[in-house]
Q: 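Here you go, one structure.
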Amino acid sequence: MVSLMPRPRGTVFLELTPKAPHPSKPFSFTTTSSTKAVTIRIITPTRLCSKLVLLCFRYQREKSCMPTLVKIGLDSDIYVGNALIQFYGCLGTLIDARVLFEKMPHRDVGSWNTLLGIYNYSSDSWEVLILFKRLMYEEIKADKITLVILFSACARLEKLHYGKTLHCYATKVGLECMLNLENALLGMYTKCKDIDEALRLFDKMGSRKDIVSHNILLNGYIEMELVDFAREIFDKIVEKDLVVWSSMMHGYVKAKQPKKTLELFKKMVDTGLTPDQNTMVSVLSACASLSNLQYGRLVHRFILQNNIRQDSFVKTAVIDMYSKCGSLEDGLVTFYKMDCKDVVTWTTMIEGLANYGLGNEALCTFYQMERQGITPNEATFVSLLAACSHSGLINEGCQLFRRMAGVYRIQPKIEHFGCLVDLLSRAGLLHQAEEFMEMIPADDKIIAYKTLLSACINYSEFDLGQKIANNMMELGPQSQAVYVLLSNFYALEGHGLKLQKQEET
DNA sequence: AGACTGGGGA
């Protein structure tokens, strides 16, 4: 009836045949994965099917193996349908999920929630809002779970106003005093940076507040770069869990206080908690910004010794740590050993190579990435252009810049413009760089001008430098660094003019 | 029975 065939590389194939066991006859099976054994008792074919699907899902989520559903021959009902929607969603085949949803003869609010949930999970929050409209139109009664998903979607889209409207709706239907709904709401307010509203809600929640509520606020402060406020909340939490520790450690990484991250890490381990992969990413990142290879190696060894799962986040952080700590070799070894590299992993490696002045190797890595069908993003091009700039690959850099907009439809940002100006300036192609300035939006010009003016100083290009200096002055008052640069230029220009006059006489 | 709230990498 049911065959569960473990395949190499952790794949589990499930096959269900049309003839299900007799409904009255209990049916059970046991399966083992590398990490866990699961036993399920199933009574009806429907539940059998639905449980199997969810089992697949759990495997998927724990990433212990990749499930593939081969065939379901049972007549589907609403439960099977809901479970299948969920399953397809987790495999990332949203279209299948949607087709199934539309085909279902009967849908309950759970079906809607499942579909909303997978769109939300796949970061397609717009679709969540569109579907919600339809849900209201079809007069389905939204429940507390629907609203939780919606608040989460609003948070991601930073749709504060819409979220507030939903908040009123929740109050009206008497759903506002449920903890996880309030937490979702709190998350929405913090992610939309309405800290006043978040604090009001936080106070209103009174004793209902749990560790999740505190952590949401803590992360809100970190996001707003108020790491000391975050620390206050952190210190107030008596029984800190892994998530809270990780949040605070990440907060210090973000606030460029990596030493405090490492301090906290020590403290956390002393309290007897075993860190997980999320924690380790922040610790590795702290080592990277400290460029402390010794500590970095220690942390890497810690991960191996404690059997902490190395997912792509951890491995990417390891690569970054080794590259930034001066051991590109170790970074490369980790990189080549990885089998599922995503765009961030590739970008990290490209950046590592670029910083070692290995421009051609960085480009080769990029072409390899393209061949594997990974789509580069903004950050990838920043690393690539930096690689070209550091290695003087002028043609390649210009070509990549064109490809970024032409092939990948990525709007160049100041980082990209900066790299290209840098590239041209270093090569002494100052006039070309100046022409290029016209493409840069006014708000971003000053940074590029700084690069260009520095280059003018290096190449003693006084005329062009004068023009650029005038342009910079026209942009209005600037930071001190700009005036220092300008005065350097004028000092040199004066000096240069004197030299020229001496030559003339 | 299932759908939902807090942390991570360039």
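Computation of the quantities below employed the complete heavy-atom set of this structure, encompassing side-chain atoms and omitting hydrogens, waters and symmetry-equivalent molecules. Sequence lines set the chain letters: A, B, ... in the order given, protein chains first and strands last, and positions in each chain run from 1.
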Q: Could you tell me which residues satisfy ring pair (Phe, Tyr, Trp, His ring centres under 6.0 Å) with A:F101, sequence neighbours excluded, listed by chain and number?
A: A:W112

Q: Rounded to the nearest Å, what distance is computed from the CG atom of residue A:N219 to the C1' atom of nucleotide B:dG6?
A: 7 Å

Q: Report which part of the nucleic acid A:D108 touches: base, sugar-phosphate, or nothing (heavy-atom distance under 4.0 Å, all strands).
A: base

Q: For A:T345, report the nucleic acid contact type (base, sugar-phosphate, nothing); a contact means any heavy atom under 4.0 Å.
A: base

Q: With sequence neighbours left out, which residue pairs that include part of residues 243-253 of chain A fulfil the side-chain hydrogen bond (donor to acceptor under 3.5 Å, both in side chains) condition?
A: A:N215-A:S247, A:N219-A:S247, A:R231-A:Y252, A:S246-A:T279

Q: Using whole Å, what does the distance between atom P of nucleotide B:dA1 and atom CD1 of A:I85 come to?
A: 18 Å

Q: Could you list by number each residue of residues 226-249 of chain A showing a heavy-atom separation from DNA chain B of less than 4.0 Å, or answer none if no residue does?
A: A:D241, A:L242, A:V243, A:V244, A:S246, A:S247

Q: Aromatic rings A:F401 and A:F417: how do their planes relate, parallel, tilted or perpendicular, breaks at 30° and 60°?
A: tilted

Q: How long is the line joining CD1 of A:I78 and C1' of B:dG2, in whole Å?
A: 10 Å

Q: Whole-Å distance between B:dC4 P and A:L131 CG?
A: 15 Å

Q: Listed by chain and number, what are the ring pair (Phe, Tyr, Trp, His ring centres under 6.0 Å) partners of A:Y356, not counting sequence neighbours?
A: none

Q: Would you mind listing every side-chain hydrogen bond (donor to acceptor under 3.5 Å, both in side chains) that reaches into residues 127-142 of chain A, with sequence neighbours excluded?
A: A:R98-A:E127, A:E102-A:R134, A:R134-A:E138

Q: What's the closest nucleotide to the side chain of A:Q86 if the choices are B:dA3, B:dG9, B:dT5?
A: B:dA3

Q: Answer with base, sugar-phosphate or nothing: what part of the nucleic acid does A:L186 contact at a heavy-atom distance below 4.0 Å?
A: nothing

Q: Show me the donor-acceptor pairs within less than 3.5 Å that the side chains of residues 285-294 of chain A make with the rest of the protein, sequence neighbours left out.
A:
from	atom 1	to	atom 2	distance (Å)
A:S289	OG	A:S285	O	3.1
A:S289	OG	A:A286	O	3.2
A:S291	OG	A:K324	O	3.4
A:N292	OD1	A:Q294	N	3.2
A:N292	OD1	A:Y295	N	3.0

Q: Atom CD of A:E182 to atom P of B:dG6: distance rounded to whole Å?
A: 15 Å

Q: Where along residues 272-284 of chain A does a heavy atom come under 4.0 Å from DNA chain B, residue by residue in number order?
A: A:D276, A:Q277, A:N278, A:T279, A:V281

Q: Roughly how many Å is it from NZ in A:K254 to P in B:dA10, rounded to a whole number?
A: 12 Å

Q: Under the ring pair (Phe, Tyr, Trp, His ring centres under 6.0 Å) rule, collect the residues that match up with A:Y221, sequence neighbours excluded.
A: A:F229

Q: In whole Å, what is the span from the CE atom of A:M178 to the C1' atom of B:dA3?
A: 15 Å

Q: Which nucleotide in the set B:dC4, B:dG6, B:dA1 lies at the smallest distance from any side-chain heavy atom of A:N82?
A: B:dA1

Q: Round to the nearest Å and state the distance from A:E223 atom CD to B:dG6 atom C1'.
A: 14 Å

Q: Going by heavy atoms closer than 4.0 Å, what residues in residues 134-145 of chain A are next to DNA chain B?
A: A:D143, A:I145

Q: Could you tell me which residues satisfy side-chain hydrogen bond (donor to acceptor under 3.5 Å, both in side chains) with A:K259, sequence neighbours excluded, listed by chain and number?
A: none

Q: State which of B:dT5, B:dA10, B:dA3 makes the closest approach to the side chain of A:N113.
A: B:dA3

Q: Give me the residues of residues 372-389 of chain A where at least one heavy atom lies under 4.0 Å from an atom of DNA chain B, by number, or none.
A: A:N377, A:A379

Q: For residues 205-213 of chain A, dump all side-chain donor-acceptor pairs below 3.5 Å to protein atoms at least two apart in sequence or in another chain.
A:
from	atom 1	to	atom 2	distance (Å)
A:R208	NE	A:E182	OE1	2.9
A:R208	NH2	A:E182	OE2	2.8
A:K209	NZ	A:F202	O	3.0
A:K209	NZ	A:G206	O	3.3
A:D210	OD1	A:N183	ND2	3.4
A:D210	OD1	A:V212	N	3.1
A:D210	OD1	A:S213	N	3.0
A:D210	OD1	A:S213	OG	2.8
A:S213	OG	A:N183	OD1	2.8
A:S213	OG	A:D210	N	3.0
A:S213	OG	A:D210	O	3.4

